[in-house]
Amino acid sequence: QVQLVESGGGLVQAGGSLRLSCAASGTIFSINVMGWYRQAPGKQRELVAVTTSGGGTNYADSVKGRFTISRDNAKNTVYLQMNSLNVDDTADYYCYCAARRRVISDVIGYWGKGTLVTVAS
């Protein structure tokens with residue numbers, strides 16, 4: 001299967017910036033979608049930002065204009081640059097990848113273990 005490893009989480013003051021990284025490894029034929037979701041205590045997991053193989057992107061309204069997602073296809077790595085962070089951004093951030101492991105195979109979704117982002121006022 002595909003493994004996803006996140007990094008870059010930590011504690012940051014409101015108004016600051018943070019950059020998350022997620023590297024996919026294992027047998028991968030193609031990646032259709034790769035991006036980030038987040039989950040705060042007592043809340044459901046929600047989409048933050050994703051990017052497709054065709055270059056399209058999709059952002060949550062709450063982060064649009066502040067966060068930027070990018071991907072290095074050669075490294076199978078996705079990044080999330082987070083600027084102007086506020087306390088409402090505090091959550092566990094999870095990397096997500098929808099990929100095929102063979103030329104003829106179903107597209108399967110994979111999740112990372114998560115990295116904690118804490119924004120302090």
Is a side-chain N or O of E6 found less than 3.5 angstrom from the main chain of Y94, in a donor-acceptor match? no
Gap between atom OG1 of T90 and atom CZ of R38 - 0.5 Å precision: 9.0 Å
Any chance you could measure Y59, atom OH, to L80, atom CG, to the nearest 0.5 Å? 7.5 Å
If you measure from OG on S21 to CH2 on W36, what distance do you get to the nearest 0.5 Å? 7.0 Å
Report yes or no: do V12 and V63 belong to one cluster of Ile/Leu/Val/Met/Phe/Trp/Tyr joined by side chain heavy-atom distances under 4.5 Å? yes
Ring-plane angle category for W111 and Y96, please: parallel below 30°, perpendicular beyond 60°, tilted otherwise. tilted
May I ask you to decide if S30's main-chain N or O and R100's side chain share a donor-acceptor pair within less than 3.5 Å? no
Calculate, to the nearest 0.5 Å, the distance between atoms CE and OG1 belonging to M34 and T52 respectively. 13.0 Å
Return the CD to CD distance between E46 and Q39, rounded to the nearest 0.5 Å. 9.5 Å
Can any side-chain N or O of Q3 pair as donor or acceptor with the backbone N or O of Q1 at less than 3.5 Å? yes
For D92, salt bridge (charged side-chain N to carboxylate O under 4.0 Å, His left out) partners two or more places apart: none
Any donor-acceptor N/O pair, R66 side chain to S84 backbone, under 3.5 Å: yes
Please report the closest heavy-atom contact between V48 and Y93, naming both atoms and the distance. CG2-CE2, 4.1 Å
Just by distance, with hydrogens left out, do S53 and N32 show a side-chain donor and acceptor under 3.5 Å apart? no
Interatomic distance, R102 atom CZ to F29 atom CZ [nearest 0.5 angstrom]: 11.0 Å
Under the side-chain contact (heavy atoms from CB on, under 4.5 Å) criterion, do L85 and F67 qualify, and how do the steps go? CA-CA 9 Å; L85 287 163; F67 292 8; 3.7 Å; yes
Are we looking at SG atoms under 2.5 Å apart for C97 and C22? no
